[in-house]
2 protein chains.
Amino acid sequence: MQLASTGSHSEGRPAGRPVSRQVLADHVYEELLASLMDGRLEPGTAVSIDGTARELDVSPTPVREALARLEHTGMVRRVALKGYRVAPVFTREDFAELMEARLAIEPVNARLACARLTTGHLAELERAVADLKDAPRGPSFAEFRGYLEADERFHRLIAEQTGNQFMVAAYAALGGQIQRFRLFGGVGITDADHAIAEHQAVLDALATGDPEKAAAAMAEHVQKVRGRAIADAPAE
Amino acid sequence: MQLASTGSHSEGRPAGRPVSRQVLADHVYEELLASLMDGRLEPGTAVSIDGTARELDVSPTPVREALARLEHTGMVRRVALKGYRVAPVFTREDFAELMEARLAIEPVNARLACARLTTGHLAELERAVADLKDAPRGPSFAEFRGYLEADERFHRLIAEQTGNQFMVAAYAALGGQIQRFRLFGGVGITDADHAIAEHQAVLDALATGDPEKAAAAMAEHVQKVRGRAIADAPAE
DNA sequence: CATCTTCAGATCCTATAGGACCAGGCACGG
DNA sequence: CCGTGCCTGGTCCTATAGGATCTGAAGATG
């Protein structure tokens with residue numbers, strides 16, 4: 001029906017995307033991921049396979065494949081013969097566990113990344129921090145979306161710069177959850193000034209080339225994030 | 001050949017229901033996972049969707065879903081429009097990275113698990129170590145399969161006993177790879193005596209209730225595993 | 001009024017069909 | 001002998017059909 005595969009751009013999809021040689025399931029995956037990150041899909045709501053297929057104007061088969069991949073990220077949960085649901089909201093205990101895990105993994109990433117740091121890597125990190133400073137920080141999601149993206153990018157870059165594929169995988173298992181918490185934790189961006197300063201401190205520590213210093217800076221950042229989030233926690 | 005028979009080793013249902021209803025994709029997933037773990041699917045070989053479907057006497061749809069889940073574990077790799085292939089053999093560098101990651105994560109797990117240890121948990125760990133001692137250690141895979149299973153179970157139990165779902169996820173991202181390395185690293189089980197002693201040491205340290213001791217014992221174990229593997233490494 | 005039955009719709013799950021692409025073999029012309 | 005074109009089979013990918021199960025509401029019955 002749609003999906004004019006070779007060359008010709010069909011009018012089936014809005015916003016005529018080339019789509020030429022991309023698998024449809026990948027598109028569905030990214031679309032669902034964006035919806036989850038943006039908060040358009042709130043925790044607890046069901047994600048119907050057929051419904052999503054109708055909404056995106058594709059058949060259920062690619063949707064099924066995309067959801068199978070998403071399940072492994074912890075963003076959606078699947079119950080056999082019942083369907084998929086968006087993973088429930090974080091409790092305070094979930095948040096504590098997440099920070100405990102970050103505290104175990106991210107300083108190690110900083111230490112390893114510091115040992116292999118190149119000027120190119122450093123430039124990327126500097127760009128991320130600059131984007132963090134420049135990003136708008138309004139109350140609505142659309143306004144602080146750039147901020148969250150830069151924040152996540154900074155941490156992900158450090159994980160990737162370890163050169164260790166398994167540390168990247170371990171961090172990736174957490175990365176999505178971190179953003180999801182920021183969205184549904186209730187508080188918006190209230191600690192940007194502190195957070196930016198801490199990111200800058202991590203960056204400076206990395207630039208000195210002292211791995212222990214970098215690890216300490218990262219550990220301090222994570223601990224302070226935890227502390228602020230607990231202070232700002234909604235009454236609930 | 002194929003399914004129809006209810007799971008032999010998977011936990012049985014409360015027997016009240018015939019449970020004839022099970023999702024086919026789950027069976028395919030388990031079957032493929034077992035094939036990967038057993039070495040029946042050697043690294044680098046293609047995993048054809050249609051071919052697997054014919055072999056298991058199902059349609060390609062559940063196979064596609066199972067492979068989408070497997071991809072996220074790192075056991076198979078997918079190239080868009082080209083299909084799935086079993087992930088390539090570990091290089092020496094991959095192994096070093098894996099051990100680096102284990103060294104970052106597993107001692108933390110031991111420390112956290114130690115803090116929340118219960119008698120029930122301890123009993124499970126003791127059983128795992130006992131199984132490790134009793135397991136046959138022949139040259140063929142079928143013979144040391146039980147050994148590998150007990151080894152993996154020991155480490156997984158410690159991860160689960162942290163009570164931290166994210167540390168479990170982080171470890172799970174590694175767990176499968178550890179077994180795969182044991183299979184294709186070339187060496188069979190040559191260090192069982194040492195490894196059993198180290199597992200016992202970790203268990204003892206946990207039993208003392210001293211978290212730092214437990215972490216240290218686990219770190220020593222991982223480091224020694226790395227050292228022995230490097231010593232035994234095939235010429236390549 | 002309360003409870004049970006029935007039924008229509010939605011959903012999940014699997015099978016099947018068909019289009020597009022790729023690799024390899026084979027005949028044919030130079 | 002060698003290169004080229006054709007063809008066939010294999011594979012991936014998506015759409016569609018149909019069976020099985022669950023949900024929820026309307027209607028019937030005590």
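Below, chains carry the letters A, B, ... as their sequence lines are ordered, and counting in each starts from 1.
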Report the residues that fulfil side chain to side chain contact (heavy atoms under 4.5 Å, CB included) with [X], sequence neighbours left out, ordered by chain and then residue number.
X        : answer
A/Thr52  : A/Leu32, A/Val47, A/Leu56, A/Val63
A/Glu160 : A/Arg156, A/Leu157, A/Val168
A/His72  : B/His72, B/Thr73

Note to self: I need the full list of side-chain hydrogen bond (donor to acceptor under 3.5 Å, both in side chains) pairs touching residues 166-175 of chain B, with sequence neighbours left out, sorted by first then second residue.
What the structure shows: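 Output for this query is empty, none listed.
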Margin query: Against B/Arg145, only a single residue in B/Asp151, B/Asp38, B/Asp131 fulfils salt bridge (Lys or Arg N to Asp or Glu O under 4.0 Å); can you say which?
Written below: B/Asp38
Could you list the protein-to-nucleotides 9-11 of chain D atom pairs, N/O on both sides, closer than 3.5 Å?
| residue | atom | partner | partner atom | Å |
| --- | --- | --- | --- | --- |
| D/dT11 | OP2 | B/Arg54 | NH2 | 3.1 |

In this structure, how many angstroms lie between the [atom2] atom of [N] and the [atom1] atom of [X], rounded?
X       : N      : atom1 : atom2 : answer
B/His27 : C/dT14 : NE2   : C1'   : 14 Å
A/Leu81 : D/dT23 : CG    : P     : 11 Å
A/Glu55 : C/dA10 : CD    : C1'   : 16 Å
A/Arg64 : D/dT14 : CZ    : P     : 14 Å
B/Tyr29 : C/dC13 : OH    : P     : 16 Å
B/Arg85 : D/dC12 : CZ    : P     : 11 Å
B/Glu65 : D/dT14 : CD    : C1'   : 16 Å

Item checked: Contact list for residues 42-64 of chain A, test ring pair (Phe, Tyr, Trp, His ring centres under 6.0 Å), sequence neighbours left out -> none
Notebook entry, point to check: Does C/dA15 have OP1 or OP2 sitting under 4.0 Å from an N or O in the side chain of B/Ser59?
Noted result: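 It does, given that an N or O in the side chain of B/Ser59 lies less than 4.0 Å from OP1 or OP2 of C/dA15.
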